[in-house]
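Read the structure below first, then the notes.
Whatever order the structure lists ligands and atoms in, that order sets their numbers, starting from 1. In this text the structure is predicted, and so the values were computed from the model without any measurement. No hydrogens, no waters, no symmetry mates; every other heavy atom, side chains included, goes into these values.
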Amino acid sequence: MLKVHALGGYNEVGRNMTCIEIDREAIILDMGLYMDRFIAIQEKNGEMNREILQAEDAIPNDEPIKNIRSKIKGILITHAHLDHMGAIRWMASKYKCPVITTPFTAEVIKRNSGNSVKLITVNVNSSFKISNNIEAEFINVTHSVPQSTIINLKTKYGSIVYALDYKNDNHPTLGRKTNIKKLRKIDDVILLIADSTNADEERKTFSEHIAREMLKDIMVGMETDRHGLFLTTFSSHIARLRSMLQISETIGRKTVFLGRSLSEYISSAEKIGIVNFSEKAEIIGNTTKANKKLKEMNEKREDYIFIVTGGLGEKNAVLTRIVNDELNLKIFPKDFIVFSCEVIPTPTIQANRKILEHKLHRKKARLFKDIHVSGHASREDLRDLIKILSPQNILPAHGDLAKTASLSLLGWEMGYELGKDIHIMQNGQSLDIA
Ligand SMILES: [Zn+2]
């Protein structure tokens, strides 16, 4: 018996969680937060516990698998983004099994979820035997956080390939390319669970190299004079942060990273030897404590590049606090504010970002928006993936109905038939595959 339980990420972009039941055993793939709802609760400053998060749809609803909890042998995590691992903190204790993932992701989970989580690390491009019947292979892919993987679950029914959050970057700026060779070797894919986040984008997702060139174009050669340079991106995007650091070296400014989540992600990456930012940059996690230092930096602002948290206008993030005059570091007219991120299209996040932009305009700053390339495969990359794997069945995930339908349409173009070998599921539904 091979059965899929869609638990989260099938009605929305986020809170990814899927359970695969294989005879007498079962595996959970990802356990993520729905960021929009999570941020909304955070901003109310109210109490936060599993029940509240569940009621507000900020974490997946695992009710449908409550009777098979004892069958679950492992929680497998693809990468270190909160919409894939952020719910571990709230939900993993229900399951008496280890969380299995790559070293960088494990390090981030440890910081996010505490020491009570039993973690097993597996290097990228390596396999782990979960039981006599199930083996998991963590295949290296390019995305927007280090050590991202596609997981191949090898079972007696064939391979189940869980391919969320990846792109085929031919010129990554950090880490190795997507391991296409390994993907080509899998010749018995019974089910492909695929990322539909960008399935409606009719193109290829461009390389991280392009984002670096865009940043360079802004930071080198524009009329920056003595103006402040503020950059922001996703704190987990170590490759992007590295590009920013390298460019600031070429223009002779010293890099300062400001904000707790930046400091956390950088520490995780340094701990397992992916980067060494501390050697060249200053990293300040607690800005409140560093207010005296910020005052000195503010007076010599032309010597620095400030990489800050808060590109999405989050309430307690550094950029928001600067623009609200809560810190000694200030924004002056003509300062550069470079948003090297996209605005996640959900209501709370969009509203927060609008407020932030409005306040920056009041300060007469120069804004540079969407200096970014996505980490998600677009329609034409997905076509390649389907061609490489030729799965018997496809299940679109990580998107609402419009997005999963987009991927289904692509499947139809490639000879699949909706309801027969390409399946649209909603959270809470289960499906027999074999
Ligand atoms: Zn991701």
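- For the Zn ion (ligand 1), the nearby protein N/O/S atoms, meaning those under 2.8 Å, are His79 NE2, His81 ND1, His143 NE2, Asp165 OD2.
- Taking the centre of each ring, Phe128 and Phe138 stay at or above the 6.0 Å mark.
- The side chain to side chain contact (heavy atoms under 4.5 Å, CB included) test with Leu229 is passed by exactly one of Asp335, Ile218, Ile251: Ile251.
- Looking at Glu208 and Arg242, no side-chain N of the basic residue comes within less than 4.0 Å of a carboxylate O on the acidic one, giving no salt bridge.
- Counting non-hydrogen atoms of neighbouring residues, nucleotides and ligands closer than 6.0 angstrom, the CZ atom of Phe206 reaches no more than 12 such neighbours.
- The one candidate from Leu312, Thr233, Leu360 that meets the side chain to side chain contact (heavy atoms under 4.5 Å, CB included) condition with Phe339 is Leu360.
- The pair Arg37-Glu12 does not meet the salt-bridge criterion, since no charged nitrogen lies less than 4.0 angstrom from a carboxylate oxygen.
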